[in-house]
Amino acid sequence: MRQDDQRFMALALSLGRRGRGQTWPNPAVGCVIVKDGRIVGRGWTAPGGRPHAEPQALAQAGALARGADVYVTLEPCAHHGQTPPCTDALIAAQVARVVAPLADSDTRVSGKGFAALRNAGIEVVTGVMAKEAARDHAGFFLRIEQGRPFVTLKLASSFDGRIATASGHSQWITGPEARREVHALRARHDAVMVGAGTARADDPSLTLRDMGMTHQPVRIVASRQLDLPMMSNLARTATDVPVWLCHGPDADAALKDAWRGIGATLIECAQASRHLKMHAVLQALGDKGLTRVFCEGGGALAASLLAADLVDELVGFTAGFGIGAEGLPSLGAMGQARLEEATRFKLVETRAIGGDVMHRWVR
Ligand code: AOF
Ligand code: ZN
């Protein structure tokens with residue numbers, strides 16, 4: 001490892017993060033090319049997952065890539081997919097050295113990318129900022145290794161963990177700054193998901209607004225029976241921004257047709273007694289290519305995901321007022337008798353946002 005390796009890898013990682021939420025099912029990779037200590041090329045995986053990061057950085061570097069150091073946040077691909085292998089492009093450009101934190105877990109690539117580069121006489125250095133890269137690519141790896149996307153669970157609640165008053169009034173628990181942060185979080189995920197209760201109570205549109213963003217995450221509602229209002233913001237906009245409905249095997253056929261008719265995608269998932277099986281829902285979303293899902297409640301869906309141990313990151317927004325015991329708790333029943341049964345998350349960030357507190361926890 002060289003002195004500057006960490007610094008350039010940190011830059012490549014931050015470039016890669018620009019693609020988050022937009023490259024699925026592909027990973028959001030970043031690439032920096034350095035010649036004589038100067039940055040001569042930068043690239044990140046394009047929206048839709050192609051072109052990959054490396055050819056874009058190589059195109060910028062042009063002839064300067066010869067003899068250069070390449071920092072890329074994942075093992076360069078060695079397979080002929082819809083684009084030619086990145087390893088071929090790196091070899092043809094005659095780069096001297098490739099620094100990458102981690103091997104890819106896609107079996108078409110894993111180990112083969114590094115081997116191809118070494119066989120061509122290019123020095124390969126691995127392990128630089130591997131922990132950070134593993135976190136950035138966690139959704140991509142989870143989907144390949146376990147078939148499901150990474151799940152972030154967000155809950156915005158009062159000081160006493162309530163998400164609505166007894167009468168169901170739930171808007172504006174947190175302030176505008178926190179709501180803006182929620183939009184930024186949505187933008188970094190492939191999809192936003194809510195339960196049927198929230199879709200009915202809040203009539204959310206679940207879109208990105210006022211962020212200067214052109215892409216929109218997929219909007220998912222988990223609704224076993226598809227008992228969702230057709231006169232709703234989601235229904236009204238289903239042809240503009242994708243709406244995917246995860247329903248149980250006995251959802252009404254006429255309702256399915258109606259939703260399909262207005263442009264929604266229907267995804268049948270297994271159910272157990274009267275609930276959708278959360279494992280099945282996430283596997284189905286993984287099958288459709290999602291790598292990062294942002295769940296915004298409500299309490300029933302959040303509790304099912306947590307109880308099934310399918311949450312990878314928690315993001316809480318807490319407001320400085322109380323609602324009281326009559327209010328709706330942020331988590332529904334979890335059937336957990338003992339504290340030891342709960343998965344403990346590790347606190348990684350706390351931040352004051354407007355008048356609220358954000359806290360972030362990882363598995
Ligand atoms: C890279 N650089 O920027 C990305 C890579 O379907 P394809 O042909 O685009 O290939 C997708 C696979 O390529 C994906 O599963 C992952 O292994 C790798 N992604 N590789 O060298 C990149 N996004
Ligand atoms: Zn590639």
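Since the model is a prediction, treat every value here as computed from it, not as a measurement. Just follow the structure's listing: the first ligand is 1, and inside any ligand the first atom is 1.
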Can you hop from Leu153 to Val194 via hydrophobic side chains spaced under 4.5 Å?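 No: no chain of side-chain contacts under 4.5 Å links Leu153 to Val194.
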Should Val311 and Leu155 be counted in the same cluster of Ile, Leu, Val, Met, Phe, Trp and Tyr side chains packed under 4.5 Å apart? yes
Heavy-atom distance under 4.5 Å between the side chains of Leu285 and Met193, does that happen here? yes
Ignoring hydrogens and angles, state whether a donor on the side chain of Arg188 or Thr152 is under 3.5 Å from an acceptor on the partner side chain.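 Arg188 vs Thr152: no donor-acceptor pair found between side chains.
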If the criterion is any heavy atom closer than 4.0 Å to an atom of ligand 1, which residues make the list? Asn26, Pro27, Val29, Thr45, Arg50, His52, Ala53, Glu54, Pro76, Cys77, His79, Gly81, Gln82, Cys86, Asp104, Asp106, Arg108, Val109, Phe140
Taking CZ in Arg363 as the centre, count heavy atoms belonging to other residues, nucleotides or ligands within less than 6.0 Å. Is the count above 12? yes
Grouping ILVMFWY residues whenever side-chain heavy atoms fall under 4.5 Å, the cluster of Val40 otherwise contains Val29, Ile33, Leu58, Leu64, Val70, Val72, Leu74, Leu90, Ile91, Val95, Val98, Leu102, Phe114, Leu117, Ile122, Val124, Phe140, Phe141, Ile144
Using the ring of each side chain (for Trp, its six-membered ring), is Trp24 parallel, tilted or perpendicular to Trp244, with breaks at 30° and 60°? perpendicular
Could you please give the number of protein N/O/S atoms within less than 2.8 Å of the Zn ion (ligand 2)? 3
So the side-chain hydrogen bond (donor to acceptor under 3.5 Å, both in side chains) pairs with at least one residue in residues 315-327 (sequence neighbours excluded) are Thr318-His359
Test side chain to side chain contact (heavy atoms under 4.5 Å, CB included) on Leu306 and Thr343 and set out the steps. CA-CA 8 Å; Leu306 272 176; Thr343 298; over 6 Å; no
